[in-house]
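Input: a single structure, listed below in structure tokens.
Just so it is clear, the model here is predicted, and its values are computed rather than measured.
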Amino acid sequence: LVSSSLSLSFPGMTSHRLQEQLSEEASLDMSAEIARARRVYEAEMRQGGEATGQTLFEFGWALTMSRTTSLMKAGIGHLQSAVKQEFNVRDCFYYIALAYYRLGEYGDARQAIEQALDVDPENRQALSLRELIAEKTRRDGLIGVGMTAGAALVGGILVAALMRSRRR
């Protein structure tokens, strides 16, 4: 069951420890959990045309823990639906942020983690994820600046070489 896998209030959780945990979770095979949650979700949809917040949360959580982009995005959708039902809002936003982080969509991850922290500003795991998102954004920003500077340098060298060759 999902609740045994949730770990949203680790005292002393650091972004480094969270990164280690994410690496461990990435190696898990979620297919059995996804299949179980899908059966419950589909049964509720057949019976009443709408899934409960609990079911949306569990199915969304399982999908966001997948290694497949399309499943992760579907999981985000289910978690957003659970938020609309006001079910476990903090945890929904946390897992939405985590999925966006794993997808490399850091702006969306930042927005979702801030929403989780609006609900529970002291949540250590959410604070650690916010720090991890910020670190990744800074690092990627520096890489982007470096690549832009490198491209500009190469472009400048090529223009200078072209101009020299035209003078001859």
Side-chain angles (χ1 to χ4, degrees), residues 1-10 13-121 123-141 143-144:
L1 212 119
V2 173
S3 60
S4 66
S5 301
L6 296 178
S7 54
L8 292 179
S9 298
F10 281 140
M13 174 66 78
T14 63
S15 61
H16 176 72
R17 176 62 193 121
L18 181 58
Q19 183 63 50
E20 290 174 356
Q21 182 181 345
L22 294 178
S23 295
E24 291 169 11
E25 288 174 356
S27 65
L28 297 176
D29 179 6
M30 293 300 298
S31 57
E33 184 64 29
I34 291 170
R36 186 204 63 77
R38 183 183 312 275
R39 282 191 302 275
V40 172
Y41 172 79
E42 289 173 349
E44 285 185 14
M45 294 301 288
R46 279 191 304 274
Q47 289 175 352
E50 187 175 0
T52 65
Q54 176 75 35
T55 297
L56 289 166
F57 176 79
E58 290 184 7
F59 191 30
W61 171 81
L63 290 169
T64 61
M65 293 294 115
S66 166
R67 294 184 202 121
T68 307
T69 298
S70 61
L71 293 179
M72 291 171 67
K73 288 184 176 185
I76 290 168
H78 288 299
L79 290 170
Q80 289 168 334
S81 294
V83 167
K84 288 177 186 167
Q85 291 187 19
E86 298 181 8
F87 180 84
N88 207 354
V89 173
R90 179 202 66 183
D91 293 352
C92 287
F93 280 127
Y94 176 83
Y95 284 110
I96 290 167
L98 184 59
Y100 279 131
Y101 174 82
R102 292 179 62 219
L103 289 167
E105 297 177 18
Y106 305 119
D108 291 330
R110 188 177 319 109
Q111 286 179 332
I113 203 62
E114 290 303 330
Q115 290 174 300
L117 288 166
D118 285 346
V119 176
D120 183 3
N123 183 274
R124 292 187 188 274
Q125 195 164 9
L127 290 166
S128 294
L129 181 55
R130 180 172 67 183
E131 183 181 328
L132 196 60
I133 292 165
E135 288 171 9
K136 187 69 171 169
T137 302
R138 277 192 302 274
R139 190 177 12 219
D140 285 2
I143 290 169

Discussion item. Using modelled atom types and a 3.5 Å cut-off, is there a donor and acceptor pairing between side-chain atoms of Gln85 and backbone atoms of Gly53?
Written reply: yes

Discussion item. Give me the atom names and distance for the closest heavy-atom approach of Leu132 to Tyr101.
Written reply: CG-OH, 3.5 Å

Item to complete: For the residue pair Phe87 and Phe57, categorise the inter-ring angle as parallel (less than 30°), tilted (30 to 60°) or perpendicular (more than 60°).
Response: tilted

Worksheet entry | Which residues share a side-chain hydrogen bond (donor to acceptor under 3.5 Å, both in side chains) with Glu42, sequence neighbours left out | none

Practice prompt. Would you name the heavy atoms of Arg67 and Asp29 that are closest together and state the gap between them?
Written response: NH2-N, 3.8 Å

Discussion item. Could you measure the distance from the CZ atom of Arg102 to the CE atom of Met72? Nearest 0.5 Å is fine.
Written reply: 4.0 Å

Discussion item. Met65 vs Ile34, test: side-chain contact (heavy atoms from CB on, under 4.5 Å). Steps then yes/no.
Written reply: CA-CA 9 Å; Met65 293 294 115; Ile34 291 170; over 6 Å; no

Response to the item:
So the salt bridge (Lys or Arg N to Asp or Glu O under 4.0 Å) pairs with at least one residue in residues 79-89 (sequence neighbours excluded) are none

Worksheet item: Partners of Ala51 by side chain to side chain contact (heavy atoms under 4.5 Å, CB included), sequence neighbours excluded?
Response: Tyr41, Glu44, Met45, Thr55, Leu56

Worksheet item: What are the two closest non-hydrogen atoms of Cys92 and Ala82, and how far apart are they?
Response: SG-CB, 3.7 Å

Worksheet item: What residues, two or more places apart in sequence or in another chain, satisfy side-chain hydrogen bond (donor to acceptor under 3.5 Å, both in side chains) together with Gln111?
Response: none

Discussion item. Less than 4.5 Å apart, side chain to side chain, heavy atoms only: is that true for Ile113 and Phe93?
Written reply: no

Identify all side-chain donor-acceptor contacts of residues 73-81 below 3.5 Å with residues at least two apart in sequence or on another chain.
residue : atom : partner : partner atom : Å
Ser81   : OG   : Gly77   : O            : 3.2

Worksheet item: With side chains defined as the heavy atoms from C-beta onward, is the minimum distance between Phe59 and Val40 less than 4.5 Å?
Response: no

Practice prompt. Verify whether the ring centers belonging to Tyr106 and Tyr100 lie closer than 6.0 Å.
Written response: no

Fill in: By side chain to side chain contact (heavy atoms under 4.5 Å, CB included) - contacts of Thr68 (at least two apart)
Ser66, Ser70, Leu71

Worksheet item: Going from CD1 on Ile96 to OH on Tyr94, what distance comes out if it is rounded to the nearest 0.5 angstrom?
Response: 13.0 Å

Worksheet entry | Approximate separation, where rounding is to 0.5 Å, of Leu117 CG and Leu129 CG | 8.5 Å

